[in-house]
Amino acid sequence: MPLSQTDFKIHFTDILQQAAVQVALPDTTVRIELTRTKQASHGDYSCNLAMQLAKSLHKNPREIAQLLIDALPDSPYLEKVEIAGAGFINFFLKIGAKQQIPHIVLQQGSAYGRGNLGDGKKVQVEFVSANPTGPLHVGHGRGAALGASVVNILSAAGYVVASEYYVNDAGRQMDILALSTWLRYLEIFGADLEFPTNAYQGSYVRDMAQLIEEAHGDRYVHPAELLLEHIPAADSDIVIDDEEKLNRLIANTKKILGQDYAYIHNFVLTEQLGDCRNDLMEFGVEFDTWFSEQSLFDGGMVAKAVALLEEKKCLYQQDGATWFRSTDFGDEKDRVVQRANGQFTYFASDIAYHVNKFERGFDQVIDVWGADHHGYIARVKGAINALELDADKLIVALVQFAVLYRDGVKVPMSTRSGEFVTLRELRHEVGKDAARFFYVMRRSDQHLDFDLDLAKSQSNENPVYYIQYAHARICSVIAQWDGDNGLLNDADTDTLTSAIELSLLQKLIDFPDMVESAAKELMPHLIAFYLKELASEFHSYYNASRFIVPEEPVQQHARLALITAVQQVLCNGLTLLGVSAPEKM
RNA sequence: GCGCCCAUAGCUCAGCUGGAUAGAGUACCGCCCUCCGAAGGCGGGGGUCACACGUUCGAAUCGUGUUGGGCGCACCA
């Protein structure tokens, strides 16, 4: 039978399908879907097909169930089928099939759990993509942890995955950072100026100014008076708002520095990007591509994308600006792509960026965005549709905010005034493993209460330690046994018959299914929950049985083979989440 | 005001293509180390699945409405 070893669910679905074709034929709208049962008395897999067909066949569900069962082809993996309740069909997996699982896991090793759902399709996952204008904070951390886990999971599910970070190196924010740094640099040389409240306040700006000073001395010093040109003094009658003031400061800076402005701009960008990359690397998050927004402008892609929209008659002029008719594509209002001052908006480069993604031939493009960006989905998809590309290829995964709690109270955070907790601080406080796990242990579309004390605690309350402890415990047992692992590969596992052993075996069988579900739904938390359950069953087993029993070598090898398989699956699952599987703790 | 998301045990959350007695963890109470790691296990109490109506053989799950939260509604990114 051409059956990929552990896909019992698919196998049973398949034979039930064959039976259904004979019996019911008819109702092709009903999907045959088996689910794992909650109770052992209900077998291993269950299906409600008979109840779903009851209406269209005008028959009693139990009667239909019996017909289906009678038509069921033989299967070497099927112990028995039962009709239960209102008409459930319960499948019991042959115990011998379950007992083979440790061997399959040990043989496949780190590959156990991998599947072929993706069938080699190309998927791109873009995540984090924070402005390189300062350190990453804990909000970015959740996107990073989620995105990285999704990449791992999709990859395990048979997709060819490309990870990407979109670098917003073109906008006004970068100019503000360059300005901020230069002002701090001037301060080092004693310039007496008022540092704008809406410029970047963080101490890292001073650090960068210091670096410039150390490398180039006073080379970039210019008289401060030039900077204040066209900017009314505080006591002047002419009042301009703070943002406009910043714009004029930027313009003056560019004029004063001339060619040197590019140096400052480039320096701060390189510094921040380097810091960001380093921070993420220590978090276990790496990218295949760092994609520059500026490159879209340099290559004329932005102008081209806008021109394309013009060709499709999707643009119009109003109040000096160029608008995209996104309302024609489901958005709630039209959006500006080119401002009255001639500059393209962020939205314009974002359109170009997505066009570029589509041109690169991905079968699916996944954007991981903060939940505050949900309003952008309609306009980006609208633009993709307007350009007659397939917007269904784009999936936007929204990540809700994470709120830190320390001593039971919310840690205050506000982006302005630079009073936020950085990802780096979080990592240093709770460690990489706990941070990665906590970020993905909730559904990403739910708010996350991040309990710092819990994440730090080295106790049973901490789910990370609970799982890692199970892994370390197994390693410890195996080390104590000190036998030849080859013996486990050949172990006779027929003796694994207790309730907890059968439950553990089934749990191991479930893992590939779990990975597939997590990939389909882009939900790493499924893996996190699965691992907690697997660890829990192992801990129960540990307390209920002894593994090192030399007087009963058959039992001993069977049990050791089972827990070694558990160890492997714990490790494979933790790896998907970017969490280490330590041998000792 | 309009749009999106959410409401499940004291707390933090799973479960949601409609199915069998709604589950974990934590907290609380009681047990288990002459024994492979007690960073563990076992048992107990704890629920109007926000509320109302509807769809159906069947609703925590789907629909409508109400209430209460979060977020978004820039020629910012």
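Bear in mind the structure is a predicted one, so any value in this text is a computation, not a measurement. Chain identifiers are assigned alphabetically (A, B, ...) following the order of the sequence lines, protein sequences preceding nucleic acid strands; residue numbering begins at 1 within each chain.
- Phe344(A) and Phe297(A) have tilted rings, their planes meeting at an angle from 30° to 60° on a 0 to 90° scale.
- Across every non-hydrogen atom of Gly141(A) and Leu423(A), the tightest pair is CA-CD1, 3.8 Å.
- Other residues, nucleotides and ligands contribute more than 12 heavy atoms inside 6.0 Å of the NZ atom of Lys532(A).
- Near-neighbour residues of RNA chain B inside residues 437-444 of chain A, defined by a heavy atom below 4.0 Å, number-ordered: Arg442(A), Arg443(A).
- One C1' atom belongs to rC62(B), the other to rG1(B), and the distance between them is 29 Å to the nearest Å.
- Checking side-chain atoms of Ser517(A) against main-chain N and O of Asp513(A) turns up a donor-acceptor pair under 3.5 Å.
- Using a 4.0 Å heavy-atom distance criterion, Glu33(A) is classed as a base contact.
- Judged by distance alone, the side chain of Asn60(A) and the main-chain N or O of Arg62(A) form a donor-acceptor pair under 3.5 Å.
- Put simply, Phe88(A) rests on the base of rA20(B): the two rings are less than 5.5 Å apart at their centres and nearly parallel, under 30°.
- Atoms CZ (Phe401(A)) and P (rC4(B)) sit 18 Å apart, rounded to a whole Å.
- The distance between atom CZ of Phe529(A) and atom P of rU12(B), rounded to the nearest whole Å, is 14 Å.
- Here Ala470(A) lies out of heavy-atom contact (under 4.0 Å) with every strand.
- Closest to the side chain of Thr37(A), from the set rC36(B), rA20(B), rC4(B), is rA20(B).
- Scored by the salt bridge (charged side-chain N to carboxylate O under 4.0 Å, His left out) test, Arg248(A) finds Glu244(A) as partners (sequence neighbours excluded).
- Judged purely by atom type and a 3.5 angstrom limit, Glu533(A) has no side-chain atom pairing as donor or acceptor with the backbone of Tyr530(A).
- Heavy atoms of Phe347(A) sit nowhere under 4.0 angstrom from any nucleic acid atom.
- When both distances must be under 3.5 Å, the Watson-Crick or G-U wobble mate of rC4(B) is rG70(B).
- Taking a centre distance below 5.5 Å and an interplanar angle below 30 degrees as the stacking criterion, His42(A) stacks against the six-membered base ring of rA20(B).
- Comparing the C1' positions of rC49(B) and rC13(B) gives a spacing of 13 Å, expressed to the nearest Å.
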query = Can you give one letter per nucleotide of nucleotides 26-31 of chain B, 5' to 3': B if a protein heavy atom sits under 4.0 Å from the base, S if only from the sugar-phosphate, - if neither?
reply = -S----
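- Taking 4.0 angstrom as the limit, Tyr530(A) places none of its side-chain polar atoms (N or O) nearer than this to OP1 or OP2 of rG15(B).
- Evaluation of the side-chain contact (heavy atoms from CB on, under 4.5 Å) rule for Leu487(A) yields Trp481(A), Asp484(A), His557(A) as partners, not counting sequence neighbours.
- Within residues 555-571 of chain A, no residue approaches RNA chain B, by heavy-atom distance under 4.0 Å.
- Base contact: Asn90(A) has a heavy atom under 4.0 Å from a base atom.
- Using a 4.0 Å cut-off between charged side-chain N and carboxylate O, Asp449(A) and Lys410(A) make no salt bridge.
- Nearest nucleotide to the side chain of Val477(A), out of rC75(B), rG72(B), rC36(B): rC36(B).
- With rounding to whole Å, Arg379(A) atom CZ is found 8 Å from rC73(B) atom P.
- Note on Lys38(A): only backbone sugar-phosphate atoms sit closer than 4.0 angstrom, heavy atoms only; bases stay farther off.
- Looking at the side chain of Thr345(A), the nearest of the listed nucleotides rC73(B), rG41(B), rC75(B) is rC75(B).
- Close to rC75(B), at under 4.0 Å from its OP1 or OP2, lies no side-chain N or O of Gln338(A).
- Nearest nucleotide to the Arg473(A) side chain, out of rG19(B), rG37(B), rU12(B): rG37(B).
- Between His354(A) and Trp369(A), the angle of the ring planes goes over 60°, which puts this pair in the perpendicular group of the 30/60° scheme.
- Residues meeting the side chain to side chain donor-acceptor pair (under 3.5 Å) test with Arg335(A), sequence neighbours left out: Asp331(A).
- Gln39(A) meets the side chain to side chain donor-acceptor pair (under 3.5 Å) test with Ser41(A); sequence neighbours excluded.
- Nucleotides rA22(B) and rG58(B) have their C1' atoms positioned 15 Å apart, rounded to a whole Å.
- rA14(B) sits 26 Å from rG3(B) when the P atoms are compared, rounded to a whole Å.
- rA24(B) sits 25 Å from rC33(B) when the P atoms are compared, rounded to a whole Å.
- Lys456(A) meets the salt bridge (charged side-chain N to carboxylate O under 4.0 Å, His left out) test with Glu429(A); sequence neighbours excluded.
- Across all strands shown, His373(A) has heavy atoms under 4.0 Å from base atoms, whether or not it also approaches the sugar-phosphate.
- Gln446(A) comes within contact range of the sugar-phosphate backbone alone, with a heavy-atom separation under 4.0 Å but no base atom that close.
- Contacts of Asn48(A) with the nucleic acid, taken as non-hydrogen atoms under 4.0 Å apart, include base atoms.
- One atom, CZ of Phe450(A), and another, P of rC13(B), lie 13 Å apart when rounded to the nearest Å.
- Asp451(A) comes within 4.0 angstrom of nothing in the nucleic acid, heavy atoms only.
- As the counterpart of rA52(B), rU64(B) is assigned, both hydrogen-bonding distances of the Watson-Crick or G-U wobble pattern falling under 3.5 Å.
- Residues meeting the salt bridge (charged side-chain N to carboxylate O under 4.0 Å, His left out) test with Asp445(A), sequence neighbours left out: Arg443(A).
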If you look only at distance, which donor and acceptor atoms sit under 3.5 Å apart when one is on a side chain in residues 560-570 of chain A and the other is two or more places apart or in another chain?
unit_1: Thr564(A); atom_1: OG1; unit_2: Leu560(A); atom_2: O; d: 2.6
unit_1: Gln568(A); atom_1: NE2; unit_2: Asn572(A); atom_2: OD1; d: 2.8

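- Comparing rA39(B) with rC73(B), their P atoms are spaced 50 Å from each other, to the whole Å.
- Using atom P as the reference point in both rG15(B) and rU8(B), the two lie 14 Å apart (nearest Å).
- Ring geometry for Phe547(A) versus Tyr542(A): interplanar angle of 30 to 60°, hence tilted.
- Applying a 4.0 Å cut-off to non-hydrogen atoms, the residues of residues 535-548 of chain A that approach RNA chain B are His539(A), Ser540(A), Tyr542(A), Asn543(A), Ser545(A), Arg546(A), Phe547(A), Ile548(A), listed by residue number.
- Within the 4.0 angstrom heavy-atom criterion, base atoms lie near Ala84(A).
- Rounding to whole angstrom units, CD1 of residue Ile527(A) and P of rA14(B) are separated by 16 Å.
- Remark: rA22(B) base-pairs with no nucleotide; criterion is Watson-Crick or G-U wobble with both hydrogen-bond distances under 3.5 Å.
- Look at CD on Gln400(A): it is 12 Å from P on rC13(B), rounded to the nearest Å.
- The distance between atom CG of Leu448(A) and atom P of rC11(B), rounded to the nearest whole Å, is 18 Å.
- For Glu126(A), the salt bridge (charged side-chain N to carboxylate O under 4.0 Å, His left out) partners two or more places apart in sequence, or in a different chain, are Lys357(A).
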